[in-house]
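The structure appears below as structure tokens.
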Amino acid sequence: LQKGADIKVETSDTHRSALHLAAMTLSPECIRVLISSHIEADKADSTDATALTLACLSISSTAENVTDHSKAVNVIRALCDAGANPNKSDEAHHVPLLLALNARIPDACLRLLSAGANPNVVDPVTKRSALHISIEKDVGTLWQLLLSKCNDLDARDTNGMTAFAYAINRNAKRVASMLVEKGASVLIPDKSGQLPLDIAKKRKGIDGNDGHGDDDDGDELHDQILM
């Protein structure tokens, strides 16, 4: 850049800029240099993905690599500070917040939310909300923040499962209890017509040693959640 490199140069096939590539490789140092040179933060590539979306796509493939996660948080912070739109999706419907939740990186999620990410965003394909994913992926205590901002506690995914059903599937009694306390229904069946607590009873029967006492176990779970 000091020698006069064109900051607007992009790849011929995908139309990705230097900022896109820096985001994909999780390079916070390059991101800061490019932003300080006034590169466009929200420019989209040929798939309609911005640098922020590409960064979040990259972290979803880094598994449990803590170093990459730390870099990702710094990249996301730098892009958000530069005014990147946290709610812009690409043509595959990838949304930064949902990607960060799937990657189980709480700090990245919090930075996106503080930058204005929609806490009620829903995946248009699976119909899973941010709350659904935070419960399923056990992303720290982020579910509490999303629960406090949720405008539809009984929203269902494509399998007909509510956030309460996700909590029951994870045997997350505290989460389930909090959902009920906030007004979530326990009587919404999934696509197959089964209620969450009925599924929990059956699962206990399958996991049990003798196959007996299912109803008592299920009733105990029911009582613990609805107390």
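Since this is a predicted model, take the numbers as computed values, not measurements.
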Do the side chains of [Y] and [X] get nearer than 4.5 Å, heavy atoms only?
{"X": "Asn87", "Y": "Leu97", "value": "no"}
{"X": "Asp90", "Y": "Thr50", "value": "no"}
{"X": "Leu110", "Y": "Leu145", "value": "yes"}
{"X": "Tyr166", "Y": "Asp157", "value": "yes"}
{"X": "Asp123", "Y": "His94", "value": "no"}
{"X": "Asp190", "Y": "Arg156", "value": "no"}
{"X": "Lys182", "Y": "Leu147", "value": "yes"}
{"X": "Leu52", "Y": "Pro86", "value": "yes"}

Can you hop from [X] to [Y] via hydrophobic side chains spaced under 4.5 Å?
{"X": "Val75", "Y": "Ile7", "answer": "yes"}
{"X": "Met178", "Y": "Met161", "answer": "yes"}
{"X": "Val125", "Y": "Val95", "answer": "no"}
{"X": "Val180", "Y": "Leu197", "answer": "yes"}
{"X": "Val9", "Y": "Leu54", "answer": "no"}

- Query: Applying the side-chain contact (heavy atoms from CB on, under 4.5 Å) test to Ile76, which of Pro96, Pro28, Cys56 qualifies?
  - Reply: Cys56
- Task: Keeping to residues at least two apart or across chains, list the ring pair (Phe, Tyr, Trp, His ring centres under 6.0 Å) pairs with something in residues 12-50.
- Result: none
Say you draw a straight line from [atom1] of [X] to [atom2] of [Y]; how long is it, rounded to the nearest 0.5 Å?
{"X": "Asn159", "Y": "His132", "atom1": "CG", "atom2": "NE2", "value": "10.0 Å"}
{"X": "Ile105", "Y": "Cys109", "atom1": "CD1", "atom2": "SG", "value": "7.5 Å"}
{"X": "Leu131", "Y": "Ile135", "atom1": "CG", "atom2": "CD1", "value": "4.0 Å"}
{"X": "Cys30", "Y": "Ile35", "atom1": "SG", "atom2": "CD1", "value": "11.0 Å"}
{"X": "Gln144", "Y": "Ser134", "atom1": "CD", "atom2": "OG", "value": "10.0 Å"}
{"X": "Leu101", "Y": "Ile133", "atom1": "CG", "atom2": "CD1", "value": "6.0 Å"}

- Item | Salt bridge present between Asp45 and Arg16 (N-O < 4.0 angstrom) |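 Yes.
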Can you check whether [Y]'s main-chain N or O pairs, donor with acceptor, with [X]'s side chain at less than 3.5 Å?
{"X": "Ser17", "Y": "Leu19", "answer": "yes"}
{"X": "Ser27", "Y": "Ala23", "answer": "no"}
{"X": "Asn120", "Y": "Lys149", "answer": "yes"}

- Query: Looking only at side chains, do Arg174 and Ser177 share a donor and an acceptor under 3.5 Å apart?
  - Reply: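 Their side chains do not contain a donor-acceptor pair, so the 3.5 Å distance test is not met.
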- For Phe164 and Val186, run side chain to side chain contact (heavy atoms under 4.5 Å, CB included): C-alpha distance rounded to whole Å, both residues' side-chain angles, the deciding distance at 0.1 Å, then the answer. CA-CA 7 Å; Phe164 178 76; Val186 302; 3.5 Å; yes
So which atom in [X] and which in [Y] form the shortest heavy-atom distance, rounded to 0.1 Å?
{"X": "Leu146", "Y": "Pro119", "result": "CD2-O, 3.8 Å"}
{"X": "Asp154", "Y": "Ala184", "result": "OD1-CA, 3.5 Å"}
{"X": "Ala100", "Y": "Leu112", "result": "CB-CD1, 3.9 Å"}
{"X": "His69", "Y": "Ala103", "result": "CE1-O, 3.8 Å"}
{"X": "Ala41", "Y": "Ala82", "result": "CB-O, 4.1 Å"}
{"X": "Ile31", "Y": "Ala22", "result": "CD1-CB, 3.8 Å"}

- Output, in order, the C-alpha distance, side-chain angles, deciding distance and verdict of side chain to side chain contact (heavy atoms under 4.5 Å, CB included) for Asn102 and Lys137. CA-CA 7 Å; Asn102 271 307; Lys137 296 292 184 178; 3.2 Å; yes
- Query: Could you give all pairs that pass the salt bridge (Lys or Arg N to Asp or Glu O under 4.0 Å) test and reach residues 24-43, with sequence neighbours left out?
  - Reply: Glu10-Lys43
- For Cys80 and Arg77, run side chain to side chain contact (heavy atoms under 4.5 Å, CB included): C-alpha distance rounded to whole Å, both residues' side-chain angles, the deciding distance at 0.1 Å, then the answer. CA-CA 5 Å; Cys80 287; Arg77 182 179 293 116; 5.9 Å; no
- Message: Assess the residue pair Asp48 and Lys88 against the criterion (side chain to side chain contact (heavy atoms under 4.5 Å, CB included)); give the C-alpha distance rounded to whole Å, side-chain angles, the decisive distance to 0.1 Å, and a yes or no.
- Response: CA-CA 9 Å; Asp48 211 24; Lys88 190 174 187 331; 3.2 Å; yes
